[in-house]
Structure formats: C-alpha cells, structure tokens
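Taking it in order: structure first as structure tokens, then the write-up.
Hydrogens, waters and symmetry mates play no part in the numbers below; they use all other heavy atoms, side chains included. Below, chains carry the letters A, B, ... as their sequence lines are ordered, and counting in each starts from 1.
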Amino acid sequence: SDSRKKVCSCKKSRCLKLYCECFAAGEICSGCKCVDCANDGDHEDMRLQAVDTIKQRNNNAFAPKIVDEIQQDKGMHARGCRCKKSHCLKKYCECYQAGVQCTDKCKCEECQN
DNA sequence: GAGTTTGAAACT
DNA sequence: CAGTTTCAAACTC
Ligand SMILES: [Zn+2]
Ligand SMILES: [Zn+2]
Ligand SMILES: [Zn+2]
Ligand SMILES: [Zn+2]
Ligand SMILES: [Zn+2]
Ligand SMILES: [Zn+2]
C-alpha cells in the first residue's frame, strides 16, 4: 500500500544479480514488473546460492554503497564511481544519486560533483 | 510509452 | 588486472 516503494523491471537476471536493485538491497520483489522472478520468496535456495556466488566474487558486494568517513575509519570499504560522461551530475552517478560529493576513491572524469 | 544513454555488474 | 559485454535504471523525446 506504499505506492512510493521502488520496484524493479528486470527481464534477464531473474532478479538474482546485483543488476536488480531489490535483490541488491536484500529485499524480496513485491509489486515489481520483473519477468520470471526468482527473488519472490519462493526460490530461497536459488537466491541464497546467488548471494553466495556474488560474495565469492566480491566479499563486500552487499555492503552499503555509500560509506561515510567515520565508518571508513572503522574499516568499512568505500567505493567510488567511475563516471565518464555524466560529470557526476545525473543519477547515473551513484554518488550524485546518494546526494554525496565524489571523493578521492572515485575515478570519474571531469567531475562536477 | 518507446528509444537512447549511462556506468555498475558481469564476464572473458 | 584490463577490455568487453550485459543489464536495468535514468533520461530524453
Ligand atoms: Zn529485479
Ligand atoms: Zn523487484
Ligand atoms: Zn523480481
Ligand atoms: Zn560519478
Ligand atoms: Zn563519485
Ligand atoms: Zn565524480
């Protein structure tokens, strides 16, 4: 009943890769427009296997995308965008999307954020 | 709503 | 690690 809830529209990933924002956030798809969804609560074996595979590739894949300096000093890994064309001034940029400035961790080009 | 752009995620 | 491809959201019209 919260019409503001974000929904995905994945067509190829079955909502089992980080391409899917629901899966990436650890949320079950609900009200989404995805096709052949396996992130629906009824395929937990597949979902847990996918989480495991992705964690093997990148152990902090499910860590928060934006990490402040305080949490960074506590050892949390900071990411950083690699934008080339958006000048980090559109939501294509995860830093801009999160409302934070780019940092020295970013490898963006012609950054205006 | 359809088509394009973008860069993270995935793959090789 | 670097180069390439895939993907779905952001954006444009
Ligand atoms: Zn999805
Ligand atoms: Zn979803
Ligand atoms: Zn789904
Ligand atoms: Zn950026
Ligand atoms: Zn950035
Ligand atoms: Zn930037």
Side-chain angles (χ1 to χ4, degrees):
Chain A
S1 51
D2 185 356
S3 59
R4 292 174 303 173
K5 176 189 175 301
K6 291 199 174 177
V7 299
C8 71
S9 58
C10 308
K11 293 175 169 46
K12 313 271 292 193
S13 71
R14 300 200 68 186
C15 303
L16 288 181
K17 296 192 175 181
L18 292 174
Y19 296 131
C20 174
E21 296 189 332
C22 302
F23 173 81
E27 295 173 4
I28 294 298
C29 285
S30 171
C32 299
K33 298 162 187 125
C34 38
V35 175
D36 198 18
C37 183
N39 183 44
D40 59 355
D42 199 30
H43 298 78
E44 284 298 279
D45 52 340
M46 289 177 60
R47 189 183 66 80
L48 292 167
Q49 170 67 266
V51 168
D52 195 63
T53 300
I54 292 163
K55 280 185 175 172
Q56 284 181 243
R57 181 181 301 129
N58 172 9
N59 198 42
N60 63 52
F62 292 92
K65 286 198 164 66
I66 301 296
V67 175
D68 62 35
E69 293 167 7
I70 298 158
Q71 304 216 322
Q72 239 184 100
D73 292 344
K74 290 181 179 176
M76 187 144 301
H77 208 271
R79 308 194 192 203
C81 70
R82 314 169 86 86
C83 307
K84 295 185 176 179
K85 308 181 82 168
S86 71
H87 304 318
C88 304
L89 287 177
K90 297 186 176 183
K91 287 191 175 182
Y92 297 125
C93 171
E94 293 193 338
C95 301
Y96 179 87
Q97 165 126 51
V100 303
Q101 286 183 217
C102 287
T103 70
D104 55 354
K105 303 290 181 189
C106 298
K107 294 178 179 172
C108 38
E109 299 177 7
E110 302 180 75
C111 182
Q112 298 187 50
N113 177 36

Exercise. Is A/D40 close to A/C29 at the side-chain level, that is, under 4.5 Å between some pair of heavy atoms?
Worked result: no
Exercise. Are side-chain heavy atoms of A/C108 and A/C93 found at a separation under 4.5 Å?
Worked result: no
Exercise. Does anything in residues 70-92 of chain A pair up under salt bridge (Lys or Arg N to Asp or Glu O under 4.0 Å), and if so which pairs, sequence neighbours excluded?
Worked result: none
For this session: Extract, from 5' to 3' on DNA chain B, the first and final nucleotides lying under 4.0 angstrom from some heavy atom of chain A.
Result: B/dT5 to B/dC11
Exercise. Side chains of A/C32 and A/C37: closer than 4.5 Å at any heavy-atom pair?
Worked result: no
Exercise. With sequence neighbours excluded, what pairs up with A/A25 under the side chain to side chain contact (heavy atoms under 4.5 Å, CB included) test?
Worked result: A/E27
For this session: Strictly below 4.0 Å, heavy-atom distances to any atom of DNA chain B: list the hits from residues 27-55 of chain A, or just say none.
Result: A/I54
Exercise. For A/S30, which residues count as a side chain to side chain contact (heavy atoms under 4.5 Å, CB included) partner, sequence neighbours excluded?
Worked result: A/K5
Exercise. Which pairs, with at least one residue in residues 52-77 of chain A and sequence neighbours excluded, count as a ring pair (Phe, Tyr, Trp, His ring centres under 6.0 Å)?
Worked result: A/F23-A/F62
Exercise. Taking side chain as C-beta onward, heavy atoms only, is A/C8 less than 4.5 Å from A/C15?
Worked result: yes
Exercise. A/A38: what forms a side chain to side chain contact (heavy atoms under 4.5 Å, CB included) with it, not counting sequence neighbours?
Worked result: A/R14, A/L16, A/H43, A/M46
Exercise. For DNA chain B, which residues in residues 77-88 of chain A have a heavy atom at a distance below 4.0 Å?
Worked result: A/R79, A/C81, A/R82, A/C83, A/K84, A/K85, A/S86
Seminar exercise, completed: Applied to residues 90-112 of chain A, the ring pair (Phe, Tyr, Trp, His ring centres under 6.0 Å) test, sequence neighbours excluded, yields none
Exercise. Excluding sequence neighbours, so at least two apart, what forms side-chain hydrogen bond (donor to acceptor under 3.5 Å, both in side chains) with A/S9?
Worked result: none
Problem set entry | Per-nucleotide protein contact string for nucleotides 6-13 of chain C, where B marks a base within reach and S marks sugar-phosphate only (heavy atoms under 4.0 Å, - for neither) | BSSSBSS-
Problem set entry | For A/Q112, side chain to side chain contact (heavy atoms under 4.5 Å, CB included) partners two or more places apart | A/H87, A/L89
